[in-house]
A.B. asks: 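Please see the structure below; I have some questions.
Chain identifiers are assigned alphabetically (A, B, ...) following the order of the sequence lines, protein sequences preceding nucleic acid strands; residue numbering begins at 1 within each chain.
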There are 4 protein chains.
Amino acid sequence: MRKIDPERQRAKRRQIIEAAGTCFARRGFHATTTAEICAAAGMSPGNLFHYFDSKNAIIEAIVEEERRDTAAYFAELGTAPDPFDALLGFLDVVMALAADETYSRLTLEIAAEAMRNPAIGALTAANDAETRAAIAALLRAAMTHGRVDADLDPEQAATWIAALIDGVFSRLAVDPSFAPEREKPMLRLIVSRFLSSRRPV
Amino acid sequence: MRKIDPERQRAKRRQIIEAAGTCFARRGFHATTTAEICAAAGMSPGNLFHYFDSKNAIIEAIVEEERRDTAAYFAELGTAPDPFDALLGFLDVVMALAADETYSRLTLEIAAEAMRNPAIGALTAANDAETRAAIAALLRAAMTHGRVDADLDPEQAATWIAALIDGVFSRLAVDPSFAPEREKPMLRLIVSRFLSSRRPV
Amino acid sequence: MRKIDPERQRAKRRQIIEAAGTCFARRGFHATTTAEICAAAGMSPGNLFHYFDSKNAIIEAIVEEERRDTAAYFAELGTAPDPFDALLGFLDVVMALAADETYSRLTLEIAAEAMRNPAIGALTAANDAETRAAIAALLRAAMTHGRVDADLDPEQAATWIAALIDGVFSRLAVDPSFAPEREKPMLRLIVSRFLSSRRPV
Amino acid sequence: MRKIDPERQRAKRRQIIEAAGTCFARRGFHATTTAEICAAAGMSPGNLFHYFDSKNAIIEAIVEEERRDTAAYFAELGTAPDPFDALLGFLDVVMALAADETYSRLTLEIAAEAMRNPAIGALTAANDAETRAAIAALLRAAMTHGRVDADLDPEQAATWIAALIDGVFSRLAVDPSFAPEREKPMLRLIVSRFLSSRRPV
DNA sequence: GATGAATGAGCCTTCATTCAT
DNA sequence: GATGAATGAAGGCTCATTCAT
């Protein structure tokens with residue numbers, strides 16, 4: 001009398017998500033066929049649909065997972081003693097992720113798909129909103145520590161930091177010489193100067 | 001017996017490019033069918049392929065045109081008396097373009113397609129390289145005027161300014177509250193603080 | 001070590017037949033998936049196929065059951081004192097069945113499937129032949145009582161009575177205002193006038 | 001400068017309808033693949049969809065055509081001098097159609113599909129309503145001539161004549177010995193006795 | 001040059017049935 | 001006996017592109 005084993009279920013879904021992620025990163029979402037995903041996941045074409053209702057549902061799951069990971073990351077970061085250092089640390093993490101080709105290509109793929117697919121668009125937008133809120137929270141905390149220009153609007157500043165991060169991934173799509181790991185200090189510098197309270201000009 | 005009229009030829013191609021651009025901006029490159037482009041351009045499918053060998057060739061032409069426009073813009077900008085002001089002016093132009101929904105969506109569409117399609121990828125990369133080179137040239141000139149931190153590597157700084165610009169377009173895809181026109185001053189501020197020679201902290 | 005319990009076996013089969021009948025009536029034979037039948041019968045897909053070799057075998061069983069019921073009904077009817085009244089009573093029973101939506105839809109479903117599926121077709125044809133034979137027998141008996149026009153061929157007349165009955169079910173598919181219960185007298189009238197050698201009214 | 005030739009268009013559609021009708025009659029609507037229809041119509045799989053949006057649209061067109069034919073037939077019949085003879089003539093026509101195997105199987109196929117597909121169901125119901133109305137009109141006219149029992153409700157009588165006709169097609173599905181041509185007189189007899197106000201022999 | 005009909009490869013998904021446990 | 005995961009064949013439809021006129 002075998003019962004539904006949620007453990008196995010989840011493992012299978014992970015396996016598919018992993019396989020699909022690799023495929024999407026390699027060939028793009030549209031160009032990837034469900035057959036390819038099945039092959040990569042080592043299963044029959046029909047079986048895939050026991051775990052996901054559609055090809056779309058797979059990216060949705062990928063985005064959802066990314067969202068959970070990001071939320072978890074920020075939850076931890078929120079308790080950091082120095083919020084400004086936490087922010088700079090976050091930037092390093094972003095750059096490390098950007099250096100992972102599969103991750104970065106998948107990120108770009110999701111961004112592209114978000115424009116087309118309303119469901120993905122909504123998930124991505126929600127994900128982005130959460131990220132900006134978390135950054136804004138860090139900024140607010142850092143302001144009380146006097147580490148961030150108090151004249152800045154935290155939400156707006158967070159938006160531009162998010163823009164900068166998006167820009168990093170765009171670089172990867174367009175500029176083959178862009179090496180995230182090497183650029184870590186520069187990103188820190190830009191953000192630091194941006195947020196710094198010392199007057200420029 | 002009429003000779004091929006290159007004038008007419010070019011006019012037709014423009015007409016198609018215009019129609020296709022609108023379609024791509026509205027529904028995305030993949031989702032746009034050649035039939036839709038034909039309808040928008042007011043011509044038959046057979047005729048479309050007299051002017052472009054393939055659907056791909058159409059975006060290629062769009063990107064190529066964008067490239068020419070950008071090059072022309074920078075050629076003019078290179079002669080500006082104050083290179084730093086020219087740079088800030090360029091940022092304003094970018095923000096104005098970003099505010100144009102058709103333009104911004106088409107830009108995002110091209111970026112997405114560049115990842116998939118090697119030909120588009122190469123064109124986009126070349127386009128981007130030219131842009132970065134032009135920005136770098138402005139930076140170098142501004143350095144001699146003492147308006148830009150001479151410790152910065154102009155190429156690297158240009159790369160990050162390009163990243164910031166890309167980031168603006170990403171914002172549009174993901175954050176419905178992002179209004180480019182309103183954000184102009186903030187972009188100027190970030191770039192100014194970034195480039196400024198006054199040392200923060 | 002338990003022996004196969006034929007009682008349980010039969011009970012399970014009935015359970016499946018019942019569930020499947022409801023599904024077929026509701027959504028049609030082709031549109032009903034085995035998964036739906038399983039859900040309705042409260043069992044797993046694997047288990048279903050312990051009791052029936054195929055989806056087809058299920059309707060076959062349904063038709064077979066219908067056949068047994070009909071045969072039993074006519075066996076009883078054959079002993080009726082007045083065969084003509086028995087026939088009219090049979091028509092009332094038909095109309096009562098037609099008023100049952102599940103029964104009528106299932107009947108139509110079986111008829112449709114009979115055209116496609118040779119096995120079902122054969123069963124249905126056999127069933128129909130038995131019904132006609134039974135009606136013909138009643139007619140022959142009624143003729144000896146002088147209640148039925150002796151110039152009619154009993155087999156042929158039975159065929160047309162069967163046609164009329166089929167027609168009732170067709171009405172249900174096509175005419176939403178057709179109410180079997182209300183039409184009982186009319187069916188009696190038509191058949192009576194058809195069969196009668198005397199003047200009606 | 002070839003313009004859209006509506007003549008050709010219609011011819012192609014007819015060709016497809018014909019081919020599809022044959023296929024549906026032979027193998028049933030569900031079992032017939034679009035590829036088969038294309039093969040039968042002598043065209044490529046893609047081309048079919050220039051003329052019909054979907055497989056469904058093809059039966060819809062078939063039903064619609066049937067409806068037009070029926071309406072035209074009754075329009076002509078409405079002007080007949082003797083409505084009762086016209087009705088009996090109609091019954092002969094029905095029997096002649098029933099004798100055409102392709103026509104009769106297609107009719108049954110449509111009836112089956114009408115139960116499943118709401119669009120087909122609506123068309124079929126409308127078609128049926130028109131037919132009943134036309135028969136009722138004939139009956140009413142025949143009543144004024146004294147050829148039909150004036151105590152009958154024309155609509156109800158028409159309904160039962162329609163049922164009888166449906167029953168004829170059902171016979172074809174279930175009783176291989178049923179030969180429509182041979183049964184013509186019997187149908188006339190049944191309907192005559194049903195409608196007659198005089199005493200039949 | 002222009003038209004629109006024709007082509008045909010390919011993809012996502014469904015579902016009856018089988019099989020390992 | 002029972003479970004539910006796995007199989008894999010098949011089908012409707014799309015759409016970039018070609019071709020006859």
Side-chain angles (χ1 to χ4, degrees), chain A residues 1-5 8-9 12 30-38 41-58, chain B residues 1-5 8-9 12 30-39 42-58, chain C residues 1-5 8-9 12 30-39 42-58, chain D residues 1-5 8-9 12 30-38 41-58:
Chain A
M1 221 181 301
R2 226 176 358 137
K3 274 275 120 137
I4 324 160
D5 186 344
R8 274 186 93 74
Q9 185 95 337
K12 236 34 157 117
H30 271 110
T32 299
T33 67
T34 53
E36 281 167 354
I37 300 173
C38 291
M43 58 178 36
S44 69
N47 199 17
L48 181 76
F49 291 87
H50 274 301
Y51 298 98
F52 290 98
D53 282 347
S54 67
K55 193 177 153 184
N56 256 325
I58 300 177
Chain B
M1 218 173 291
R2 245 179 332 145
K3 265 299 170 70
I4 331 145
D5 185 344
R8 271 188 94 71
Q9 181 94 343
K12 278 285 185 190
H30 269 111
T32 299
T33 67
T34 53
E36 282 167 353
I37 300 173
C38 291
M43 64 178 36
S44 67
N47 202 16
L48 181 83
F49 285 87
H50 274 306
Y51 295 100
F52 288 98
D53 282 348
S54 68
K55 190 178 158 185
N56 260 325
I58 300 177
Chain C
M1 217 171 291
R2 247 181 329 148
K3 265 302 172 70
I4 332 144
D5 185 344
R8 274 188 92 71
Q9 181 93 345
K12 279 284 183 188
H30 269 111
T32 299
T33 66
T34 53
E36 282 167 353
I37 300 172
C38 291
M43 63 178 36
S44 66
N47 203 14
L48 181 81
F49 285 87
H50 273 307
Y51 296 99
F52 288 97
D53 281 349
S54 67
K55 189 177 159 186
N56 261 325
I58 300 177
Chain D
M1 221 182 303
R2 224 174 2 134
K3 275 274 120 140
I4 325 160
D5 186 344
R8 273 187 94 72
Q9 185 94 337
K12 237 26 155 123
H30 271 111
T32 299
T33 68
T34 53
E36 280 167 354
I37 300 173
C38 291
M43 57 177 37
S44 67
N47 198 18
L48 180 77
F49 292 88
H50 274 301
Y51 298 98
F52 289 97
D53 282 348
S54 66
K55 192 177 153 185
N56 255 324
I58 300 177

A.B. asks: So, is B:K12 close to the E:dG1 phosphate, meaning a side-chain N or O under 4.0 Å from OP1 or OP2?
C.D. replies: no
A.B. asks: Is atom CG of C:D53 surrounded by more than 12 heavy atoms (other residues, nucleotides or ligands) closer than 6.0 Å?
C.D. replies: no
A.B. asks: As an exercise, state the distance from NE2 of C:H50 to CD of C:Q9, rounded to the nearest 0.5 Å.
C.D. replies: 10.0 Å
A.B. asks: Could you check C:A35 against D:G46 and say which one's nearest nucleotide on DNA chain E is further toward the 5' end?
C.D. replies: D:G46
A.B. asks: Whole angstroms only, please: what is the CE-P distance between A:M43 and F:dA6?
C.D. replies: 6 Å
A.B. asks: Output the distance between atom CZ (B:F49) and atom CE (B:M43), rounded to the nearest 0.5 Å.
C.D. replies: 11.5 Å
A.B. asks: Does B:T34 place a side-chain N or O at less than 4.0 Å from the phosphate oxygens OP1/OP2 of F:dA16?
C.D. replies: yes
A.B. asks: With a 4.0 Å limit, can you tell me whether C:Q9 has a side-chain N or O closer than that to the phosphate oxygens OP1/OP2 of F:dG1?
C.D. replies: yes
A.B. asks: Using a heavy-atom cut-off of under 4.0 Å over every strand shown, decide if C:Y51 touches base, sugar-phosphate, or nothing.
C.D. replies: sugar-phosphate
A.B. asks: By nearest nucleotide on DNA chain E, pick out whichever of C:H50 and C:D53 is the more 5' one.
C.D. replies: C:D53
A.B. asks: Which whole-number value in Å describes the distance from D:L48 CG to E:dT7 P?
C.D. replies: 11 Å
A.B. asks: Would you indicate which nucleotide in F:dT3, E:dA5, E:dT17 comes nearest to any side-chain atom of B:P45?
C.D. replies: E:dA5
A.B. asks: Mind checking who F:dA20 pairs with, Watson-Crick or G-U wobble, both distances under 3.5 Å?
C.D. replies: E:dT3
A.B. asks: Name the residue closer to the 5' end of DNA chain F, choosing between D:K55 and C:N47 according to the nucleotide with the nearest heavy atom.
C.D. replies: C:N47
A.B. asks: Grab the CZ-P distance between A:F49 and E:dT14 for me, whole Å please.
C.D. replies: 7 Å
A.B. asks: Who is the Watson-Crick or G-U wobble partner of F:dG11, with both distances under 3.5 Å?
C.D. replies: E:dC12
A.B. asks: In Å and rounded to the nearest 0.5 Å, what is the OG1 to NZ distance from C:T33 to C:K55?
C.D. replies: 7.0 Å
A.B. asks: Does D:S44 place a side-chain N or O at less than 4.0 Å from the phosphate oxygens OP1/OP2 of E:dT7?
C.D. replies: yes
A.B. asks: Starting at CD1 of A:I37, measure out to CD1 of A:I58 and round the result to the nearest 0.5 Å.
C.D. replies: 4.0 Å
A.B. asks: Please report, rounded to the nearest Å, how far the C1' atom of F:dT21 is from the CZ atom of D:R8.
C.D. replies: 10 Å
A.B. asks: Please give, in whole Å, the distance from F:dA10 C1' to D:E36 CD?
C.D. replies: 12 Å
